[in-house]
Novice: 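Handing you this structure, nothing more for now.
Read the numbers this way: they start at 1 and go in the same order the structure lists the ligands and their atoms.
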Amino acid sequence: MSGPVLLTGAAGRIGTWLRGGLPERGWAVRCLDVVPVADVRPGEEHVVADVTDLAAVVDATEGASAVVHMAGIASESTWPAISHANIEGTYCMLEAARRAGVRRVVLASSNHATGYTPRPAEGLLTEADAPPRPDTYYGVAKATMEALGSLYVDRYGMDVVCLRIGSAFEEPTTTRQLSTWLSPADSVSLVDAALKAPSPGFSVVWGVSDNTRRWWDLTAARALGYEPADDAEVYADALIEVHGEPDLTDPVHARVGGEYTTAEFDAENFEAGA
Ligand SMILES: NC(=O)c1ccc[n+]([C@@H]2O[C@H](COP(=O)([O-])OP(=O)(O)OC[C@H]3O[C@@H](n4cnc5c(N)ncnc54)[C@H](O)[C@@H]3O)[C@@H](O)[C@H]2O)c1
């Protein structure tokens, strides 16, 4: 495959990890963000653009071998803000890929696309057992992202891999994240697998590390070639000492989307300027 990977959201947290890890796995990176990337690295290309500017992102996608779309608002916000950046932005990136002849797109979906899905009584939750069931406007935008990806696969024969990312942080900071953590290194492994998997068609996979307390199934992600190396359990003693053992009947632990399913995330708490 020739041409760089177009990485949107390159200035963000996961984008910064990917800029570090993807070149080590053989990928040249063209960075795109609405803000300039602070620490430009050798070999990178850079574009400052808004992902909702279709003409600009078509230009930025020309000559790329694949698109990794991470840009957007990364938590709950108002409907106008979410629908513009996260729904319009995803449409523009898929459409840019189609127009530029780029066949492979990796999308940063989220567990919040299916946040109201309950924890299974036993065993691991597969993606097939967790259809869209969003917990917020943010989750609606991620469910729409998956639907748009499905459309571009069925209509145009593209390959679109949707990563339902759990909690991507340097390290877990809550007891929920003992289950949902996706480490920086595993973020790179997952995106690399999504880029390399032969003909995945439309694929939706959980994005979590191999956490001992994980309850999201990794069979589908592993089938892409994902080989997680990290386990949040190394942080368990310290977190449990501070926060106590998780109460598995609490919505924070009993639903995929955790605290996003609680009243704290009701829309009125996210009015503009709130
Ligand atoms: N971090 C997590 O735990 C997590 C979990 C699930 C899903 N995700 C998703 O992964 C992606 C990356 O998350 P992150 O934690 O790195 O977020 P982040 O906020 O650190 O980075 C997002 C980047 O997108 C850029 N951006 C925002 N709107 C843009 C626009 N209109 N045009 C161009 N660039 C724009 C921002 O400038 C920022 O650099 C997001 O789509 C997020 O929803 C993250």
Novice: Using a 3.5 Å cut-off on N/O to N/O, what pairs does ligand 1 make with the protein? A line per pair would be great.
Specialist:
residue, atom, partner, partner atom, Å
ligand 1, 1 (N), Arg13, NH1, 3.2
ligand 1, 1 (N), Ala168, O, 3.4
ligand 1, 3 (O), Ala168, N, 2.7
ligand 1, 16 (O), Arg13, N, 3.1
ligand 1, 16 (O), Ile14, N, 2.8
ligand 1, 20 (O), Arg13, N, 2.9
ligand 1, 24 (O), Gly72, N, 3.4
ligand 1, 31 (N), Asp50, OD1, 2.9
ligand 1, 32 (N), Val51, N, 2.9
ligand 1, 34 (N), Val34, N, 3.2
ligand 1, 37 (O), Asp33, OD1, 2.6
ligand 1, 39 (O), Gly12, N, 3.1
ligand 1, 39 (O), Asp33, OD1, 3.4
ligand 1, 39 (O), Asp33, OD2, 2.7
ligand 1, 41 (O), Met70, O, 3.0
ligand 1, 41 (O), Lys142, NZ, 3.0
ligand 1, 43 (O), Tyr138, OH, 2.5
ligand 1, 43 (O), Lys142, NZ, 3.0

Novice: Would you call Glu24-Arg41 a salt bridge at under 4.0 Å N-O?
Specialist: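 So Glu24 does not pair with Arg41 through a salt bridge.
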Novice: Pair Cys162, Phe202 - check side-chain contact (heavy atoms from CB on, under 4.5 Å), show working.
Specialist: CA-CA 8 Å; Cys162 301; Phe202 178 65; 3.7 Å; yes
Novice: Can you confirm whether the side chains of Thr144 and Tyr91 place a donor and an acceptor under 3.5 Å from each other?
Specialist: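 No, because no side-chain N or O of Thr144 sits under 3.5 Å from a partner of the opposite role on Tyr91.
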Novice: Name the atoms and distances for all side-chain donor-acceptor pairs under 3.5 Å in residues 117-124, with sequence neighbours left out.
Specialist:
residue, atom, partner, partner atom, Å
Thr117, OG1, Thr114, O, 2.9
Thr117, OG1, Thr114, OG1, 2.5
Arg119, NH1, His253, O, 2.7

Novice: Not counting sequence neighbours, which residues clear ring pair (Phe, Tyr, Trp, His ring centres under 6.0 Å) with Tyr152? List them please.
Specialist: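 Tyr152 satisfies ring pair (Phe, Tyr, Trp, His ring centres under 6.0 Å) with Tyr156 only.
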Novice: What residues, two or more places apart in sequence or in another chain, satisfy salt bridge (Lys or Arg N to Asp or Glu O under 4.0 Å) together with Glu44?
Specialist: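 Partners of Glu44 by the salt bridge (Lys or Arg N to Asp or Glu O under 4.0 Å) criterion, ordered by chain and then number, come out as Arg19.
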